[in-house]
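To keep things clear, I will list the structure first and then write my remarks on it.
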Amino acid sequence: MRVLAINDVSCVGKCSLTVSLPIISACGVTCDVLPTALLSTHTGGFTGYTFLNLTSEIPDIVRHWKSLGLRFDYIYSGYLGDAEQIDLVENIKNEFLAKNGKFIVDPVMGDSGKLYANFTNEFVAKMRELCKQADFILPNLTEACFLADLPYPKTGQAVPVEKLTQKIAGICPRPIITGIVENDTISIYYLDENGAICRESAENIQGFFHGSGDVFASAFVGALARGKDERTAIRLCTQFLSATIRRSAQEVTDSRYGLNFEAEIYTFLQNLNG
Ligand code: PXL
């Protein structure tokens, strides 16, 4: 199995490719990478970070790959450096996705009700189009609200899960919406192959845990590539992320530096192999 992970390299802060590559490789499948940007750190909570957009390099990379006749069983896209890259990713999917391969889009754009630095409403509109091409999308609640053009729920306000999933299903029929807090639990809502709403929940641990979405999405891709069905993959990944967050809440003093997912990988792999 060959996975292509399209994401940025944030040198410090454990997100994007520095999370995807170790997790997907550990699952026992090849993880090739297409870096979209090179940053000294991610943009969440650090100031003064460097940002080198790699858009201009991508067409040359693609040209070389074409000469090799490459095919990927899974193409997983995450943080994109600019709107132009959305078109490039769509072309890569059309050119390199194997027959019966799966295209998985994590529409990385924001969190806690806000877009990340450098993202605009025009980017959201283009990302919505990319999501229409995907087999699965993994927005967090913020990204789901932006994609669905619904307001982000105010603190204490219940999330209109049914309305949200139905609107998102009009974009991609197999959405997996992460990070929905309901009292003491945090849930993932997704639609199964029959369009039924399903939920996977874990204990809601207080705090903000940077890189959670990337850990979840990478583990999901790895589990699918290892032949797990979506329901099993979502269950295993929820357990993995929850254990990672529980450990990080105890051990990590500055959450900007990311989750201690390394310490939970072994248990995740045991469950994946079990
Ligand atoms: O984890 C999402 C993410 C990915 N890449 C970069 C980011 C963020 C979130 O802040 O800044 C560069």
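One-based numbering, in listed order, for ligands and for the atoms of each. The analysis underlying the following values was restricted to heavy atoms, covering all of them including side chains, and did not include hydrogens, waters or symmetry mates.
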Check against ring pair (Phe, Tyr, Trp, His ring centres under 6.0 Å), F261 and F216: CA-CA 10 Å; F261 69 86; F216 185 86; over 10 Å; no

statement: Atoms of ligand 1 under 4.0 Å from any heavy atom of D8, numbered from 1 in the order shown, are 4 (C), 5 (N), 6 (C), 12 (C)

- prompt: Just by distance, with hydrogens left out, do Q133 and N94 show a side-chain donor and acceptor under 3.5 Å apart?
  reply: no

query: Does L39 approach ligand 1 within less than 4.0 angstrom via side chain, backbone, both or neither, non-hydrogen atoms only?
result: side chain

statement: Within 4.0 Å of some non-hydrogen atom of C15, the atoms of ligand 1 are 1 (O), 4 (C), 5 (N)

- line: A student checking ligand 1 against T43 at a 4.0 Å heavy-atom cut-off should list atoms 7 (C), 10 (O), 11 (O)

- request: Using a strict 4.0 Å threshold on nitrogen-to-oxygen distance, state whether E262 and K14 make a salt bridge.
  value: yes

- prompt: For atom 4 (C) of ligand 1, what's the nearest protein heavy atom and its distance?
  reply: S16 OG, 3.2 Å

- prompt: Should R256 and D254 count as an ion pair when the cut-off is N to O under 4.0 Å?
  reply: yes

message: Consider side chain to side chain contact (heavy atoms under 4.5 Å, CB included). Of L224, I24, D135, which one does Y74 pass it with?
response: L224

statement: atom 2 (C) of ligand 1 sits nearest the protein heavy atom D214 OD2, 3.6 Å

field: Ring centroid separation Y79 to Y116 under 6.0 Å
entry: no

field: 4.0 Å heavy-atom contact, S10 with ligand 1
entry: yes

- request: Would you mind checking which non-hydrogen protein atom is closest to atom 10 (O) of ligand 1, with the distance to 0.1 Å?
  value: H210 NE2, 3.2 Å

